[in-house]
Peer 1: 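Got a structure here, written out as structure tokens. Questions coming.
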Amino acid sequence: METKVRFAPSPTGNLHVGGLRTALFNYLYAKKVGGKIILRIEDTDQNRKVEKAAENILDVFNQLNIHFDEGPHLESKYGPYFQSQRLSIYKDHIQILLDSGTAYPCFCMGERLDDLRLKLATNKEHIKYDRHCLNLSQDEIKAKMESEPYVIRMKVPDGEEVVFYDVVRERVAIQCDEIDDQVLIKSDGFPTYHFANVVDDHLMGITHVMRGEEWLPSTPKHVLLYQFFNWKLPKFIHLPLLLNPDKSKLSKRQGDVSVEDYLNKGYLPETLINFVALLGWHPKDEKELFSLSDLENEFSVKRINKSGAVFDVEKLKWMNGQYLKNLPIETIMKYAKPVFKSKGWDTKNTEKFKAVIENARKRADTIHEMIKPSIPFYAELEYSDEDNNLLQNESSQKVLTYFSEKLTGQINWTEAEIKLLVNETGEITGVKGKDLYAPLRISLFGEVHGPDIPLLIGILGIDETIIRIQRHI
RNA sequence: GGCCCGUUCGUCUAGUGGUUAGGACUCAGGGUUUUCAUCUCUGCAACAGGAGUUCGAUUCUCCUACGGGCUACCA
């Protein structure tokens with residue numbers, strides 16, 4: 001049978017980095033074994049639904065170059081891929097369970113359930129539904145269904161044990177007495193996650209369910225449902241959680257969690273994929289920098305870890321810096337262009353832009369950090385009083401005067417020649433060290449620290465260099 | 001509270017019944033660079049605890065501790 005996996009987010013907002021990790025592992029597994037990956041939108045909660053969320057998620061995956069074989073954008077005989085469009089399917093399937101007695105209608109509503117939970121909690125008992133509606137007669141059920149709101153619950157068998165094998169955690173067992181009679185169909189007619197998920201996974205031919213570890217405790221319910229339907233169980237692969245620095249489940253409260261946030265802050269798609277791939281999985285050797293296609297080759301479920309992984313922004317930054325420095329310059333230019341343009345900078349002179357980016361990429365860990373080292377090439381310089389004082393002192397003036405005079409009229413000087421001129425300026429004026437370099441660098445660049453002077457002049461051009469220096473003479 | 005899962009440097013992780021327990025990020029120091037950055041070298045730093053099995057356990061088993069997840073008509 002063809003391997004088929006799925007990524008099934010609920011459209012409640014932007015794509016979460018944890019979601020990206022889950023999607024990526026599914027994707028890599030599918031690629032590795034030559035299977036398929038589908039995207040299914042689990043929009044069964046009408047209250048939490050966010051407009052356009054599915055489009056946003058798809059858009060982010062496009063930016064990351066992760067593509068699905070089936071999904072809302074690519075319908076097939078297995079669709080539709082929005083669960084909200086599959087209501088009749090769930091209706092048909094719940095009837096099968098109702099008929100076999102593995103599900104039953106329940107008319108207990110909010111207040112009674114709240115009281116029940118409160119009572120169980122105060123008595124320190126296991127919190128689960130008391131099956132108040134299980135033994136209603138057929139007539140009672142019929143009458144109530146016509147006049148009252150109701151849900152449909154699964155009937156968990158008594159006294160049995162549910163055992164399943166998780167690929168990462170191996171044998172997991174739980175007593176049925178611990179399992180609640182989970183609501184399968186809500187009073188608004190929509191299915192709950194547990195029901196829709198199982199029905200769809202089966203109908204869509206999913207062979208491997210790879211998802212976050214937070215689903216491990218409810219997996220027995222899903223296993224029971226497969227048994228009720230007499231369906232073949234998929235393989236379960238529960239991924240370790242992504243964690244905040246305090247080890248709690250990664251959440252918005254402690255920083256950015258959406259992939260979009262990181263993209264907007266100047267992290268590259270390549271970085272995000274590489275970084276997230278190494279959270280809960282590791283390659284055979286000690287290599288750390290992986291392209292998506294490297295990962296497709298290297299990935300193996302055998303090397304998925306068991307314990308949660310803290311999302312360490314420091315290491316993310318470092319990795320992004322590596323990509324900034326090592327990706328082809330054209331790629332970095334492509335990513336930087338819109339950001340530079342948003343500053344109102346004109347990047348039309350490609351040669352200059354390229355040189356600026358080449359300089360900036362070495363000094364930055366994100367696209368946005370490339371702005372600062374590029375200011376001197378695209379924006380007006382600002383000088384502090386301290387800078388002006390330094391530029392006006394006697395030795396600075398000697399340096400600037402000699403240097404700019406010698407430069408005047410030279411158009412095609414190479415960087416090596418400019419370097420020689422700097423040395424010559426020092427010899428002739430008798431100014432050495434910092435006193436020699438600081439005035440040049442400040443007048444040209446606005447900062448004492450920065451790139452080599454010849455490199456700087458190479459980007460600026462001789463004319464602009466002379467203009468900038470002569471402003472201070 | 002109950003159930004489930006987990007535990008190697010601060011963080012991501014490798015690894016083995018006998019290893020100087022390895023790598024990466026961070027941090028510290030050195031080198032390269034006129035400066036900054038890059039690059040590079042060196043260093044700091046870990047097997048949660050207790051029993052058991054064993055000639056020998058970080059590695060296998062059990063217990064404890066700690067951490068986390070779940071405990072909704074959310075996913």
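Protein chains get the first letters and strands the later ones, always in sequence-line order, with residue 1 at the start of each. Predicted, not measured: the structure shown is a model, and the values here were computed from it.
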Peer 1: Can you check whether F275(A) and F311(A) have ring centres sitting under 6.0 Å from each other?
Peer 2: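 When the ring centroids of F275(A) and F311(A) are compared, they turn out to be within the sub-6.0 Å range.
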Peer 1: Please work out if V183(A) contacts a base, only the sugar-phosphate, or nothing of the nucleic acid, heavy-atom cut-off 4.0 Å.
Peer 2: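 Result for V183(A) = sugar-phosphate.
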Peer 1: With a cut-off of less than 4.0 Å, is there a side-chain N or O of Q182(A) near OP1 or OP2 of C70(B)?
Peer 2: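 For C70(B), neither OP1 nor OP2 has a side-chain N or O of Q182(A) closer than 4.0 Å.
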Peer 1: Across all strands shown, which nucleotide pairs with U42(B) by Watson-Crick or G-U wobble geometry, both distances under 3.5 Å?
Peer 2: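 Pairing partner, where one exists within any strand: A28(B).
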Peer 1: Compare all side-chain heavy atoms of W318(A) with those of N320(A) and state whether any distance is below 4.5 angstrom.
Peer 2: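 Side-chain contact under 4.5 Å: no.
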Peer 1: If pairing requires Watson-Crick or G-U wobble contacts with both distances under 3.5 Å, which nucleotide is the partner of A57(B)?
Peer 2: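 Looking at the geometry, A57(B) pairs with no nucleotide.
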Peer 1: For the residue pair R171(A) and F164(A), would you count it as a cation-pi contact if the rule is NZ or CZ under 6.0 angstrom from the ring centre and within 45 degrees of the ring axis?
Peer 2: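 No - R171(A) does not lie over the ring of F164(A) by the 6.0 Å and 45° rule.
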Peer 1: Which part of the nucleic acid, if any, lies within contact of S187(A), taking any heavy atom under 4.0 Å across all strands shown: a base, the sugar-phosphate backbone alone, or nothing?
Peer 2: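 Base: the residue S187(A), judged by heavy atoms under 4.0 Å, touches a nucleobase.
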Peer 1: Do the ring centers of F68(A) and Y27(A) come within less than 6.0 Å of each other?
Peer 2: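 No, they do not, as the ring centres are separated by 6.0 Å or more.
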Peer 1: When all nucleic acid strands are considered with a 4.0 Å heavy-atom cut-off, which category describes P9(A): base, sugar-phosphate, or nothing?
Peer 2: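 Since no nucleic acid heavy atom lies under 4.0 Å of P9(A), the category is nothing.
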Peer 1: Can you identify which nucleotide, out of U13(B), C74(B), U34(B), has its nearest atom closest to the R441(A) side chain?
Peer 2: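 When the side chain of R441(A) is considered, U34(B) is the closest of U13(B), C74(B), U34(B).
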Peer 1: Taking only the side-chain nitrogens and oxygens of R117(A), find out if one of them lies under 4.0 Å from OP1 or OP2 of U71(B).
Peer 2: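 Looking at the OP1 and OP2 atoms of U71(B), neither is under 4.0 Å from any side-chain N or O of R117(A).
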Peer 1: Mind listing the residues from residues 356-377 of chain A sitting with a heavy atom below 4.0 Å of RNA chain B? Number order is fine.
Peer 2: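 Here the set is K362(A), R363(A).
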Peer 1: Can you give one letter per nucleotide of nucleotides 1-9 of chain B, going 5' to 3': B for a protein heavy atom under 4.0 Å from the base, S for sugar-phosphate only, - for none?
Peer 2: SSSSSSS--
Peer 1: What nucleic acid atoms does S218(A) come within less than 4.0 Å of, heavy atoms only: base, sugar-phosphate, or nothing?
Peer 2: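 Touches nothing.
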Peer 1: Would you tell me if any nitrogen or oxygen in the side chain of R48(A) comes within less than 4.0 Å of OP1 or OP2 on A72(B)?
Peer 2: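 Answer is no, no contact under 4.0 Å.
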Peer 1: Could you tell me which non-hydrogen atom of H472(A) sits nearest to which non-hydrogen atom of Q397(A), and how far apart they are?
Peer 2: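 What the structure gives for the nearest pair is O-NE2, 2.7 Å.
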Peer 1: Looking across every strand, which nucleic acid part, if any, lies under 4.0 Å from N305(A) by heavy atom: base, sugar-phosphate, or nothing?
Peer 2: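 Answer is sugar-phosphate: N305(A) comes under 4.0 Å of backbone atoms only.
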Peer 1: Where does the angle between the aromatic ring planes of H222(A) and W215(A) fall among parallel (under 30°), tilted (30 to 60°) and perpendicular (over 60°)?
Peer 2: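 Answer is tilted, since the angle falls between 30° and 60°.
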Peer 1: Could you check whether F353(A) and F340(A) have their ring centres less than 6.0 Å apart?
Peer 2: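 Yes - the distance between ring centres of F340(A) and F353(A) falls below the 6.0 Å cut-off.
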Peer 1: If you compare every side-chain N and O of K287(A) against the phosphate oxygens of G23(B) (OP1, OP2), does one of them come in below 4.0 Å?
Peer 2: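 No, no such contact exists.
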Peer 1: Measuring only between side-chain heavy atoms, which start at C-beta, is I152(A) closer than 4.5 Å to C106(A)?
Peer 2: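 No, side chains not in contact.
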